[in-house]
A.B. asks: 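Just passing along the structure, written as structure tokens.
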Amino acid sequence: MAEKKKPVETTEDKYERAKRLEESTRSLLRDKERGQIFQKAADLYASLGDYEDAEKRAEACGKQAKEFQDKYKQQVKEEKAKQKQEKQEESNETKVLVRKIVFGILAVLVVLALVAAIFSKTKPGRYYRASLCEKVGAYEKSYKMFNNLKDYKDSEKRYQESCYKYADECFKKHKLTQAKNAFRKLADYKDSELKLTDVELQNIREQKIGAEVLFGEYRWLILEKSKDKVFLVKSLPINGFAFDEGDANNWFDSTIRRYLNGTFFDETFNQYQQKQILSTVVDEQTGTKDQLFMLTAEQANHYQEILSNYLRDWWLMDEGKNPHTAQFVSQGVVMDYGYDMSTTTIFIRPGMWISLK
């Protein structure tokens, strides 16, 4: 058989490829990659000469590339300075800790002969150091040390307690990121799930519309916000999922509705987070209420600017033009003609209202 010739890329093809590169930067989060992609698009436009508005686009993309490249260089510079500062702060913290240890040693002169052996690399020595850090309130260091000791003596129990105290201390000092990360390590230890929920709600209260926040197991975008409640939608759509696996052609009887308000709801949120998720009327005619739901076409259009951070196709709640189809969003545009509800190639992007009280 004759070998198939590779199709030659036309000027129009190159122009469209350059436009796709330019549009793809919307889904990128880091300035480094944005600068690289804009530069590729600029070079590709430049290679097209005076084709349509290629020269204008090449210049615009070149400017965007330079802006993001300059921002990235500045970020690298600032990160180095930050690392230097953190290293200095860590050094200062170590000095403070050393002073506390010295005072502790002076109070227990009878064990001075054992200090050399205790501060060795043996498990007894490491356990003693962890205990000492815990005693003087250096909970971040003590929980990490106890965690490294695994099942040695009561290290697991003391790891949990030190981590809990560290998380609680961070929350009181308004270090929300550190508090959130620490409480997440503890699962259902004591009231960690409740306090984790409080930390996440506090963080959401302080963020603006369009910001990305963590709630439960995933990150969400803020679409609307008031004093008492906030409207969230999942930042990144969940992998392909059929709108309905049977013959249903509406949201009320759909597979996706049962999944979101059943398995997904139970696996994504702890018991306290679940209590904050409000029951929302999603269909005025039938009075249908759900805690998790897909957006409508109207909402997708209204929040288009915020929702355009991801290029995957994702389902909407509305029915399509034909039976057994549902509308979806592609490249930020609502496709009202719909698509077969049984397909699993379209992603899902649930929304919810949560109480901030």
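Basis for what follows: all heavy atoms, side chains included, without hydrogens, waters or symmetry-related copies. Predicted, not measured: the structure shown is a model, and the values here were computed from it.
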A.B. asks: The criterion is side chain to side chain donor-acceptor pair (under 3.5 Å); which residues satisfy it with Y164, sequence neighbours excluded?
C.D. replies: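 Y164 satisfies side chain to side chain donor-acceptor pair (under 3.5 Å) with D191, K195 only.
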A.B. asks: Not counting sequence neighbours, which residues clear side chain to side chain contact (heavy atoms under 4.5 Å, CB included) with S342? List them please.
C.D. replies: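 If we apply the side chain to side chain contact (heavy atoms under 4.5 Å, CB included) test to S342, skipping adjacent residues, the hits are D340.
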A.B. asks: Could you note down all residue pairs passing side-chain hydrogen bond (donor to acceptor under 3.5 Å, both in side chains) where residues 317-338 supplies at least one of them, sequence neighbours left out?
C.D. replies: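 Residue pairs with at least one partner in residues 317-338: D313-S330.
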A.B. asks: Under a 3.5 Å cutoff, is there a donor and acceptor pairing between the side chains of E79 and Q75?
C.D. replies: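 No, Q75 and E79 have no side-chain donor paired with an acceptor closer than 3.5 Å.
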A.B. asks: Is the count of non-hydrogen atoms from other residues, nucleotides or ligands lying under 6.0 Å from K63 atom NZ greater than 12?
C.D. replies: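 Count not over threshold, so no.
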A.B. asks: Look only at the side chain of K225 and the backbone of R205, and say whether a donor-acceptor pair between them is shorter than 3.5 Å.
C.D. replies: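 Yes; at least one donor-acceptor contact below 3.5 Å.
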A.B. asks: Go through the structure and list residues passing side chain to side chain contact (heavy atoms under 4.5 Å, CB included) with Y152, not counting sequence neighbours.
C.D. replies: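 If we apply the side chain to side chain contact (heavy atoms under 4.5 Å, CB included) test to Y152, skipping adjacent residues, the hits are K123, P124, Y127, L149, S155.
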A.B. asks: Would you check if the side chain of D13 reaches a backbone N or O of T10 as a donor-acceptor pair within less than 3.5 Å?
C.D. replies: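 Yes.
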A.B. asks: Checking T177 now: which residues fulfil side chain to side chain donor-acceptor pair (under 3.5 Å) with it, not counting sequence neighbours?
C.D. replies: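 Once residues adjacent in sequence are excluded, T177 has no partner under the side chain to side chain donor-acceptor pair (under 3.5 Å) criterion.
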A.B. asks: When you measure from the side chain of Q273 to the backbone N and O of T197, does any donor-acceptor pair fall under 3.5 Å?
C.D. replies: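 Such a contact is absent between Q273 side chain and T197 backbone.
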A.B. asks: Quick check: do F146 and K157 have side-chain heavy atoms less than 4.5 Å from each other?
C.D. replies: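 Of all side-chain heavy-atom pairs linking K157 with F146, none is under 4.5 Å.
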A.B. asks: Any side-chain heavy atom of E22 within less than 4.5 Å of one from Q64?
C.D. replies: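 A side-chain contact under 4.5 Å is absent here.
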A.B. asks: Strictly distance-based, threshold 3.5 Å: is any side-chain N or O of Q276 a donor or acceptor partner for the main-chain N or O of S355?
C.D. replies: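 Side chain of Q276 to backbone of S355: a pair is present.
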A.B. asks: Salt bridge (Lys or Arg N to Asp or Glu O under 4.0 Å): which pairs involve residues 273-300, sequence neighbours left out?
C.D. replies: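 Output for this query lists R257-D290.
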A.B. asks: Please check if any side-chain donor atom of H174 sits under 3.5 Å from a side-chain acceptor atom of E206, or the reverse.
C.D. replies: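 E206 and H174 do have a side-chain donor-acceptor pair below 3.5 Å.
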A.B. asks: Determine whether a donor-acceptor pair (N or O, by modelled atom type, separation under 3.5 Å) exists between the side chain of R349 and the backbone of L307.
C.D. replies: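 Judged by distance alone, yes, a pair lies under 3.5 Å.
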A.B. asks: V333: which residues meet the side chain to side chain contact (heavy atoms under 4.5 Å, CB included) condition with it, sequence neighbours left out?
C.D. replies: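 Residues passing side chain to side chain contact (heavy atoms under 4.5 Å, CB included) with V333: M335.
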A.B. asks: Is the closest basic N to carboxylate O distance between K144 and E140 below 4.0 Å?
C.D. replies: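 Here K144 pairs with E140 in a salt bridge, since their nearest N and O are under 4.0 Å apart.
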A.B. asks: Between the main-chain N or O of G332 and the side-chain N or O of Q304, is there a donor-acceptor pair closer than 3.5 Å?
C.D. replies: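 Looks like yes, one N/O pair under 3.5 Å.
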A.B. asks: Cut-off 3.5 Å, side chains only: do R158 and S142 have a donor facing an acceptor?
C.D. replies: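 No - no donor-acceptor pair under 3.5 Å links their side chains.
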A.B. asks: I'd like to know if the side chain of Y51 pairs up with that of E12 as donor and acceptor (distance under 3.5 Å, no hydrogens or angles considered).
C.D. replies: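 Result is no, nothing qualifies.
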A.B. asks: Test of understanding: clusters of I, L, V, M, F, W, Y form through side-chain heavy atoms closer than 4.5 Å, transitively. Do L201 and L176 belong to the same one?
C.D. replies: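 No; tracing contacts between hydrophobic side chains, which count when under 4.5 Å, never links both residues.
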A.B. asks: Any pair with a residue in residues 22-48 that passes ring-ring contact (aromatic ring centres under 6.0 Å, His included), sequence neighbours left out, goes on the list, sorted by first then second residue, please.
C.D. replies: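 Listed once each, the pairs are Y15-Y45, F38-F68.
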A.B. asks: Sequence neighbours left out, what passes side chain to side chain donor-acceptor pair (under 3.5 Å) with N301? Give chain and number order.
C.D. replies: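 Applying side chain to side chain donor-acceptor pair (under 3.5 Å) to N301 gives none.
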A.B. asks: Look only at the side chain of Q291 and the backbone of M352, and say whether a donor-acceptor pair between them is shorter than 3.5 Å.
C.D. replies: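 Flag not set: sc Q291 to bb M352 has no pair under 3.5 Å.
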A.B. asks: Is any side-chain N of the basic residue among E161 and K190 closer than 4.0 Å to the acidic one's carboxylate O?
C.D. replies: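 A salt bridge is present here (some side-chain N lies under 4.0 Å from a carboxylate O).
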A.B. asks: Any salt bridge between K71 and E67, counting N to O under 4.0 Å?
C.D. replies: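 So K71 does not pair with E67 through a salt bridge.
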A.B. asks: Assert yes or no for the condition that the ring centre distance of W220 to F215 is strictly below 6.0 Å.
C.D. replies: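 No - the distance between ring centres of W220 and F215 does not fall below the 6.0 Å cut-off.
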A.B. asks: Restricting to ring pair (Phe, Tyr, Trp, His ring centres under 6.0 Å), what partner residues turn up for W251, sequence neighbours left out?
C.D. replies: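 Once residues adjacent in sequence are excluded, W251 has no partner under the ring pair (Phe, Tyr, Trp, His ring centres under 6.0 Å) criterion.
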A.B. asks: Taking side chain to side chain donor-acceptor pair (under 3.5 Å) as the test, write out the residues that go with D43, two or more places apart.
C.D. replies: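 D43 satisfies side chain to side chain donor-acceptor pair (under 3.5 Å) with Q39 once adjacent residues are dropped.
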A.B. asks: Can the ring centres of F264 and Y218 be said to be less than 6.0 Å apart?
C.D. replies: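 Yes - the distance between ring centres of F264 and Y218 falls below the 6.0 Å cut-off.
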A.B. asks: Any non-hydrogen side-chain atom of L292 less than 4.5 Å from a side-chain atom of T268?
C.D. replies: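 A side-chain contact is absent here, since even the closest heavy-atom pair is not under 4.5 Å.
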A.B. asks: Side chains of Q88 and N92: is there a donor and an acceptor less than 3.5 Å apart?
C.D. replies: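 Yes, side-chain donor-acceptor contact under 3.5 Å.
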A.B. asks: State, with a plain yes or no, whether a side-chain heavy atom of D50 is found less than 4.5 Å away from one of E55.
C.D. replies: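 Yes; the side chains approach each other to less than 4.5 Å.
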A.B. asks: Under the side chain to side chain contact (heavy atoms under 4.5 Å, CB included) rule, collect the residues that match up with E212, sequence neighbours excluded.
C.D. replies: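 Listed in chain order: R219, L221, S235.
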